[in-house]
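Naming convention: chains lettered A, B, ... in sequence-line order (proteins, then strands); numbering from 1 in each chain.
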Protein chains: 2
Amino acid sequence: MLHAADRRRTDTRERILELAEASTLAKGFGGTSIDELIAGVGITKSGFFYHFRDKTELAEALMDRYLVHNRKVISDIFDRADELIEDPLHGMLAALKMFAETLSNIPEAHPGCLAATFCYQDQLFSARIREMNIEGMLDWRTSFRRRFEAIVERYPPKREVDLDAMADSVITLVEGGLILGRVHQDPSILPRQIMLFRDFVRLSFS
Amino acid sequence: MLHAADRRRTDTRERILELAEASTLAKGFGGTSIDELIAGVGITKSGFFYHFRDKTELAEALMDRYLVHNRKVISDIFDRADELIEDPLHGMLAALKMFAETLSNIPEAHPGCLAATFCYQDQLFSARIREMNIEGMLDWRTSFRRRFEAIVERYPPKREVDLDAMADSVITLVEGGLILGRVHQDPSILPRQIMLFRDFVRLSFS
DNA sequence: TAATGGCTGCACCTTTGGTACAGTCATTCC
DNA sequence: GGAATGACTGTACCAAAGGTGCAGCCATTA
């Protein structure tokens, strides 16, 4: 029988994922070999395939972690903004500023690029990976969309605004900003894009 | 002696590049095998390695084509805008609209994601590839930066604007928008992001 | 006619991502 | 205390992908 407190549980799987994530963010998933992972964790190949049926299952597990982390990042920021500010517009402005600050502090580690990495090789992976990728991006879209709707209600804009596009803007800037930041080796690019979008939000609803 | 009109010149190399580009955009560079390319072009492995020392040299050649295409896209649009409009702000607004239209028409084929593909695996490639990637992105930055400076001069904004970030916005949105468009299977996402940025530009300088 | 460009053909090598399966050792259940 | 189970190890073997090295061949060109 298997229950939560089973002492036989080891942290090997977790350690594989940890190392795989770091390596994937640094070198891409394709550049991360199983041999490298088992050497790093100190197990054998059989040990690896005991935990993951194949490399695709490892990718799925990484995406799973990413989705969890993703949701936490979004909700943490909006929860904090809601705690501090009642007004939807000013809450959004505060949230965007906090988000930009968060990105400044952990520029390399953001797993957003996991989505991009998998996106550009998705033919190689399972449909599961693609679905998870969509799911993660929909999390952003719906969270922002709902809040922009609240803003529009209280601050009707002069010109019509493409709310769907606006809701997608942040994740678009994150994905693009991570690429630019990486290419230019400049972690300030992404937070500055977010702050620029914040200016746009302020201008749009005032 | 080798000169331009050498009749022995074949188009094999060009055909390899053509096929490799299409395959890379569809499946990623890692997912594009040499065997697949030589089968498609109808040559042998030796034939491939006659043209390219290794797969990295193929990647470099693809990036080369991308840079050329990249510059043409930028200059075509701004040239046309300059032709029609003298005012820097309205020229920019027109250019952005034309760009969004262009993206709507050729959503799949835009090679921007070549940069992203290579970016997320750049440790595997030569320093050349990374330099070419930087070069391509600087093309965007400098082109836009110059034009935003002209706009600021004629239309001094009320609040201070981060011109560097603004100059990077379009390529950031392109890279991010290609990812979202790919994940959601929705080619309208990118052009709409560009149109949203256009709104921001209009609002910022009026 | 000789040289050269643009290949072909063949042999062989390494790395990576597996598959298959038997054995081991510590813990836990009864 | 013995059986079952979880978490592995070890060994052997396989195919695909990315090469390397080299000899040869054929059409064009100097």
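- Backbone-only engagement by A/R53 is indicated by non-hydrogen atom pairs under 4.0 Å involving sugar-phosphate atoms exclusively.
- In this entry the distance linking CG of A/L37 with P of C/dG17 reads 9 Å, nearest Å.
- Residue A/E57 contributes atom CD, which lies 15 Å from atom P of C/dG17 at whole-angstrom precision.
- Atom CG of B/L196 is separated from atom CG of B/L96 by 11.5 Å, given to the nearest 0.5 angstrom.
- For the contact set between residues 40-49 of chain B and DNA chain D, defined by any heavy atom under 4.0 Å, the members are B/K45, B/F49.
- Between A/R13 atom CZ and D/dG6 atom P there is a gap of 15 Å when expressed in whole angstrom units.
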Evaluation steps, ring-ring contact (aromatic ring centres under 6.0 Å, His included), between A/F144 and A/F78: CA-CA 10 Å; A/F144 277 90; A/F78 279 127; 5.2 Å; yes
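- As rounded to whole Å, 13 Å separates atom C1' of C/dC7 from atom CG of B/D11.
- Side-chain atoms of B/S23 never come within 3.5 Å of backbone atoms of B/L19 as a donor-acceptor pair (strictly under, hydrogens ignored).
- Within the 4.0 Å cut-off from OP1 or OP2 of C/dC7, at least one side-chain nitrogen or oxygen of B/T12 is found.
- The distance from atom CD of A/E36 to atom C1' of C/dG17 is 14 Å, rounded to the nearest whole Å.
- Between the CD1 atom of A/I34 and the P atom of C/dG17 there is a distance of 5 Å, given to the nearest Å.
- The shortest distance between side-chain heavy atoms of A/M132 and A/Y66 does not fall below 4.5 Å.
- With contacts defined as side-chain heavy-atom distances shorter than 4.5 Å, the pair B/T24/B/E21 does not qualify.
- No side-chain donor-acceptor contact under 3.5 Å links B/K45 to the backbone of B/I34.
- For the pair B/Y50 OH and C/dG9 P, the computed distance is 17 Å after rounding to whole Å.
- In terms of phosphate contacts, B/H51 brings no side-chain nitrogen or oxygen within less than 4.0 Å of OP1 or OP2 of C/dG6.
- Note: CG (B/D54) to P (D/dG18) measures 11 Å, nearest angstrom.
- In this structure, the separation between CZ on B/R182 and CG on B/L178 is 8.5 Å, given to the nearest 0.5 Å.
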